[in-house]
There are 2 protein chains.
Amino acid sequence: MANKSIEPRDGCIASAMDIIGSKWTALILRDLALGPKRFSELEKSISQLNPRTLSQRLDGLEAQGIISKQASQANRPKSLYALTAKGADLLPLLKQMATWGNKYAANRD
Amino acid sequence: MANKSIEPRDGCIASAMDIIGSKWTALILRDLALGPKRFSELEKSISQLNPRTLSQRLDGLEAQGIISKQASQANRPKSLYALTAKGADLLPLLKQMATWGNKYAANRD
DNA sequence: CAGTATCCTTGTTGATACTG
DNA sequence: CAGTATCAACAAGGATACTG
């Protein structure tokens, strides 16, 4: 069947939404775009986000191969979350969102 | 403060997510990208979506200025939903999603 | 056709406390 | 620091039936 849709095949948009659609994920990815971050850094940066939910998001993203987690227990517990290639490929998407938001979002300051 | 983030100012991504982040919205927009559609057309196209939620999404999108609604009650009830300019500006975003999804989504057929 | 009304299930959150 | 455990409370979403 001829597919005139903007998605090459069905489910493409849905699968992207499946990743970034859950609350906070886009913001987490935005932060990780600047480089690897620790749990507490993310927690601080996204102040409305509580540790339980952050942990859930992080686990989910790792399971989906969007981020990688590197934990070391040298002296003090330390964890580092970073984007994978698959996750980095999501960045143009975030930029596009930012572009749209910048044009249309109400200014809040 | 210097903002090295991929968003020019805080809240841009959040405001885009506020629109497309709710479930089904991206799919509705995808369909409207092909031209104005009726309620039942959308309902048929997105088969998992029930009328209540569709109605909610449509109302919300209209309130946010993403789509316009034109209803006529000539003989038979008829409604037509179409993208506004603001809504059309969301399409690059959807294409970007589709691109990502096409690269990474599991094939389902 | 274009929705509403109702009810129910699930996801998300908030607060707080606790562990390696 | 980096989380997990537990509970309560709520909002979003799903199923189904019904109406102008």
Side-chain angles (χ1 to χ4, degrees), chain A residues 11 13-32 34-64 66-83, chain B residues 11 13-32 34-64 66-83:
Chain A
I13 290 179
S15 70
M17 280 310 297
D18 191 45
I19 308 289
I20 54 156
S22 40
K23 206 169 173 182
W24 305 116
T25 302
L27 279 333
I28 293 171
L29 262 24
R30 174 201 61 182
D31 285 357
L32 292 181
L34 301 180
K37 293 262 174 297
R38 308 244 293 267
F39 190 93
S40 55
E41 292 182 286
L42 294 169
E43 202 177 358
K44 231 181 311 175
S45 167
I46 311 172
S47 55
Q48 302 301 308
L49 176 54
N50 62 24
R52 199 182 64 120
T53 306
L54 176 56
S55 185
Q56 287 176 357
R57 278 312 91 88
L58 257 12
D59 285 351
L61 288 170
E62 193 187 1
Q64 289 164 314
I66 305 297
I67 63 174
S68 64
K69 173 182 182 177
Q70 182 198 0
S72 67
Q73 199 100 16
N75 286 1
R76 325 180 21 63
K78 177 178 175 176
S79 66
L80 214 41
Y81 296 91
L83 293 177
Chain B
I13 290 180
S15 69
M17 281 309 297
D18 191 44
I19 307 288
I20 54 156
S22 40
K23 206 169 174 182
W24 305 116
T25 300
L27 277 335
I28 293 171
L29 263 24
R30 173 201 62 184
D31 285 356
L32 292 181
L34 302 180
K37 293 262 176 298
R38 308 244 293 268
F39 191 93
S40 56
E41 292 182 286
L42 294 168
E43 202 176 359
K44 230 180 312 173
S45 167
I46 310 172
S47 56
Q48 303 300 307
L49 176 53
N50 62 25
R52 196 186 70 117
T53 306
L54 176 55
S55 185
Q56 286 178 357
R57 275 317 86 90
L58 257 13
D59 286 352
L61 289 170
E62 193 188 0
Q64 289 166 314
I66 305 297
I67 64 174
S68 63
K69 173 184 181 174
Q70 183 198 358
S72 68
Q73 199 101 15
N75 287 359
R76 325 180 23 64
K78 176 176 176 178
S79 67
L80 214 42
Y81 296 92
L83 292 177

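Source: prediction; values computed, not measured. Residue numbers begin at 1 in each chain, while the letters A, B, ... track the order of the sequences.
- The side chain of S79(B) contributes an N or O atom lying less than 4.0 Å from OP1 or OP2 of dG3(C).
- Spacing between atom CD of E62(B) and atom C1' of dA2(C) amounts to 14 Å, rounded to whole angstrom units.
- dA11(D) atom C1' lies 14 Å from atom CG of D18(B), rounded to whole Å.
- For S40(A) and dA2(D), the shortest distance from a side-chain N or O to OP1 or OP2 is below 4.0 Å.
- Between L42(B) and L32(B) the shortest side-chain heavy-atom distance falls below 4.5 Å.
- Contact of the D18(A) side chain with the Q64(A) side chain is registered, since non-hydrogen atoms from C-beta on lie closer than 4.5 Å.
- What separates CD1 of I28(A) from C1' of dG3(D) is a distance of 14 Å, to the nearest Å.
- If you measure from atom CZ of R38(A) to atom P of dG3(D), you get 10 Å, rounded to the nearest angstrom.
- Rounded to an integer number of Å, the gap from CG of L54(A) to P of dT12(C) is 14 Å.
- Between dG3(C) and K69(B), a contact under 4.0 Å exists linking OP1 or OP2 to a side-chain N or O.
- Contact of the I46(B) side chain with the L54(B) side chain is not registered, since no non-hydrogen atoms from C-beta on lie closer than 4.5 Å.
- Distances shown here put a side-chain N or O of Y81(A) below 4.0 Å from the OP1 or OP2 atom of dG3(D).
- Residue pairs meeting the side chain to side chain donor-acceptor pair (under 3.5 Å) criterion with at least one partner in residues 43-54 of chain B, sequence neighbours excluded, are D31(B)-S45(B), N50(B)-T53(B).
- Side-chain contact between L61(A) and Y81(A) is absent, with no heavy atoms from C-beta onward closer than 4.5 Å.
- Looking only at side-chain heavy atoms (C-beta outward), R38(B) and L80(B) come within less than 4.5 Å of each other.
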- prompt: Pairs counted as Watson-Crick or G-U wobble with both distances under 3.5 Å: what dot-bracket string results for DNA chain D, using | for bases tied to another strand?
  reply: ||||||||||||||||||||

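- When rounded to the nearest whole Å, the span between NZ of K37(B) and P of dA2(C) equals 13 Å.
- For S55(B), the side-chain atoms get nearest to dG3(C) when compared with the rest of dG3(C), dA2(C), dA2(D).
- Nucleotide dC1(C) holds its P atom 11 Å from the CZ atom of F39(B), rounded to whole Å.
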query: How does protein reach along nucleotides 13-20 of chain D, written 5' to 3' as B (base within reach of a heavy atom under 4.0 Å), S (only sugar-phosphate), or - (no contact)?
result: BBB----B

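- Closest approach of F39(A) to P51(A), counting heavy atoms only: CZ-O, 3.7 Å.
- E62(A) meets the side-chain contact (heavy atoms from CB on, under 4.5 Å) test with I67(A), K69(A); sequence neighbours excluded.
- Here S22(A) pairs with T25(A) under the side-chain hydrogen bond (donor to acceptor under 3.5 Å, both in side chains) rule; sequence neighbours left out.
- For I67(B) and dA2(C), the CD1 to P distance is 13 Å, given to the nearest whole Å.
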